[in-house]
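Have a look at the structure below before the remarks.
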Amino acid sequence: MAKELTGLIKLQCPAGQATPAPPVGPALGAHGVNIAEFVKLFNDRTRDQMGMIIPVEISVYKDRTFDFILKSPPAAVLLKKAAGVDKGAGEVGTEIVGKVTRAQVEEIANIKMNDLNARDLEHACRIIEGTARSAGIEVEA
Amino acid sequence: MTAPSRWTEIKVAVPIGWHELVADALGHELCTTVQIGDHSIAHEPPPEGCVHLRSYVPSEHDTPTLRSALDQQLHRLAQATDAPELLGLELLWKPLPPEDYAASWRKSWKPFRLRRGARAFLLQPPWAQSDPEENEVPLHLEPGGAFGSGRHATTRTCLGVALERVRGGERVLDAGCGSGILAVGALLLGARSALGFDVDAVAAQKSQELAQDNGVADRARFVAGGFEALPKETFDVVFANIYSDVIQAHAESLRDALAPRGWFAFSGCPIHHLEATRRAIQSAPLHIEEERLRGRWMTFVGRRA
C-alpha cells in the first residue's frame with residue numbers, strides 16, 4: 001500500500017552479515033523499526049553475495065513499517081569486473097592490477113549516476129576514474 | 001541478541017558523489033557497515049555540497065593506532081584518486097551512550113486499543129503485554145516488521161469494521177493479507193474460518209505465524225499468490241486492504257468470492273482514486289453501504305447486491 005514516508009536510510013552493508021550493532025541499530029531504532037526483522041530479511045536476500053559490500057536503501061513509513069531496496073554494486077566492484085580482475089590493489093594506490101577503457105568508465109558512470117548523486121556525466125566520470133585509480137585500475141586514454 | 005555495549009561514532013563530511021569510495025575506505029574490520037546521510041532531522045546538517053558518512057567502532061577498540069590508520073587510509077585515498085576535494089577530510093570521533101540496540105527500538109511500541117461500541121481490540125507487542133479489560137480482544141502482534149503494524153489508517157478502519165460487523169460463524173477471505181491481521185482479527189471475534197492470500201510469499205508465512213501466536217491457526221489458511229489462487233468457493237466476509245488499482249482490476253473476482261448477502265470492506269484507496277474505485281465496485285456490481293474516510297484513505301463497506 002502506498003504509505004507516507006518518514007525516513008530514508010542509506011547504508012553500505014556486508015552481504016549476509018548485517019547486525020543490530022551501529023549503524024543499523026541507531027539508524028533504524030530512531031524510527032521504531034523492528035531491527036531484528038530488517039537484519040534477517042537483508043541477510044536472507046544477500047546471502048548469495050557473501051563477501052560483497054551492498055548499498056541498501058531503507059524506506060521507513062509513518063506506521064513504522066519498512067521496506068528496502070538493494071542498489072547497484074559499488075563502482076569499485078563494477079570496475080574490477082570490467083577490468084577482469086578478482087580484487088583491487090591490496091592497499092590503496094600501491095599497485096596496478098588491471099585496465100579499463102574510457103568507454104567502460106563512461107558506461108559505469110552512467111549506471112552509477114543516480115546512486116552517486118553526480119552533477120553530470122563528467123562529474124560521475126571523474127569519480128569513477130578516481131575510484132579506478134584507488135583500486136589500482138588504470139584508465140586507458 | 002547482542003549484549004549492550006559501548007560504541008564510538010566516526011563521522012566525516014564528504015563531497016557529494018565521493019561518498020561510496022570514502023565509505024569503502026572508512027569501513028574497517030570492526031565495522032564494515034557505513035551509513036550514508038543523516039537518519040534524523042535532529043542532526044546538524046553537513047556543509048553545503050557534502051553528505052555525512054558514519055562508521056562505528058566498539059569503544060574499547062577506539063585507539064590512537066586505529067585513529068591514525070583511518071586518517072592515513074583517507075589520505076592515501078585522496079592521493080590515489082588525485083581528487084583535490086578529498087584532501088583534508090576530517091574524521092570526528094564521538095563516544096555514544098551505552099544502549100542495547102537490538103532491544104531499544106521496542107520502547108516506542110506500546111499496546112494500543114481500537115474500540116468500536118462495546119467491543120475493542122487490544123493490540124499488544126510480545127514485550128509489552130497488558131491485561132485486557134472486559135469485552136477487549138487481545139491481538140498479539142510483533143510490530144515494526146516489513147508488514148502491517150496494525151497502525152495504518154486503512155488497517156484501523158478495517159479492524160473497526162470487523163468489530164462492528166463480525167457476529168461469529170463467518171467464513172472470511174482476506175485478499176492481499178500482508179501480516180494477516182484482518183483474517184486473524186476476524187477469527188478472534190468468532191469467525192469460523194479464514195483464507196488469506198498475498199502475492200508476497202513472505203506474507204503468507206508471516207500471516208501463519210500471526211495466526212499461531214493468537215491461537216487461531218487451526219481455523220486459518222494462508223497461500224502465496226494472486227487472485228488466480230482463489231478457490232471457487234464463496235465467503236461471508238471479504239476484506240481487501242490493498243492498492244485501489246488492484247481493487248478496480250479485480251472487483252468482479254471480489255464479487256464472485258462473496259456469498260449472497262455477504263459483506264465486504266475494501267480499503268487502501270487514496271482519496272484521489274475515490275471516483276474510479278467507487279465506479280469499479282458499483283459496476284461489479286456490489287452495493288456500497290458506507291464510505292469511511294480516515295486521513296486521506298477511503299474504505300468502502302457494503303454487501304453483494
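None of these values were measured; they are calculated from a predicted model. Reminder, nothing fancy here: chain letters follow the sequence lines and each chain counts from 1.
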Under a 4.5 Å heavy-atom cut-off, does chain B meet the side chain of Lys40(A), its backbone, both or neither?
-> neither
Measuring heavy-atom distances to chain B, does Ala118(A) have an atom under 4.5 Å in its side chain, in its backbone, in both, or in neither?
-> neither
Show the numbers, then the answer: is there a side-chain contact (heavy atoms from CB on, under 4.5 Å) between Val24(A) and Tyr101(B)?
-> CA-CA 9 Å; Val24(A) 175; Tyr101(B) 293 106; over 6 Å; no
Is it the backbone or the side chain of Glu9(B) that comes under 4.5 Å from a heavy atom of chain A, or both, or neither?
-> neither
Sort Ile16(B) into side chain, backbone, both or neither according to what part of it lies under 4.5 angstrom from a heavy atom of chain A.
-> both
Please report the shortest heavy-atom distance between [X] and [Y], naming the atom on each side.
X: Ser134(A); Y: Ala80(B); result: CA-CB, 3.8 Å
X: Trp105(B); Y: Gly32(A); result: CE3-O, 3.8 Å
X: Leu116(A); Y: His19(B); result: O-CE1, 3.5 Å

Decide, yes or no, whether a salt bridge links Glu20(B) with Lys71(A) under the criterion of side-chain N to carboxylate O below 4.0 Å.
-> no
With a 4.5 Å cut-off on heavy-atom pairs, point out which of Pro26(A), Pro14(A), Gly7(A), Ala18(A) contacts chain B the most.
-> Pro26(A)
Would you say the side chain of [Y] lies within less than 4.5 Å of the side chain of [X], judging by non-hydrogen atoms?
X: Asp82(B); Y: Arg133(A); answer: yes
X: Thr65(A); Y: His152(B); answer: no
X: Arg64(A); Y: Trp109(B); answer: yes

Among residues 120-132 of chain A, which ones touch chain B with a heavy-atom distance under 4.5 Å?
-> His123(A), Arg126(A), Ile127(A), Gly130(A), Thr131(A)
Inspect the surroundings of CZ in Arg119(A) and state if more than 12 heavy atoms from other residues, nucleotides or ligands are less than 6.0 Å away.
-> no
Is the count of non-hydrogen atoms from other residues, nucleotides or ligands lying under 6.0 Å from Asn114(A) atom CG greater than 12?
-> no
Drop me the distance from Asp63(A)'s CG to Thr154(B)'s OG1, to the nearest 0.5 angstrom.
-> 8.5 Å
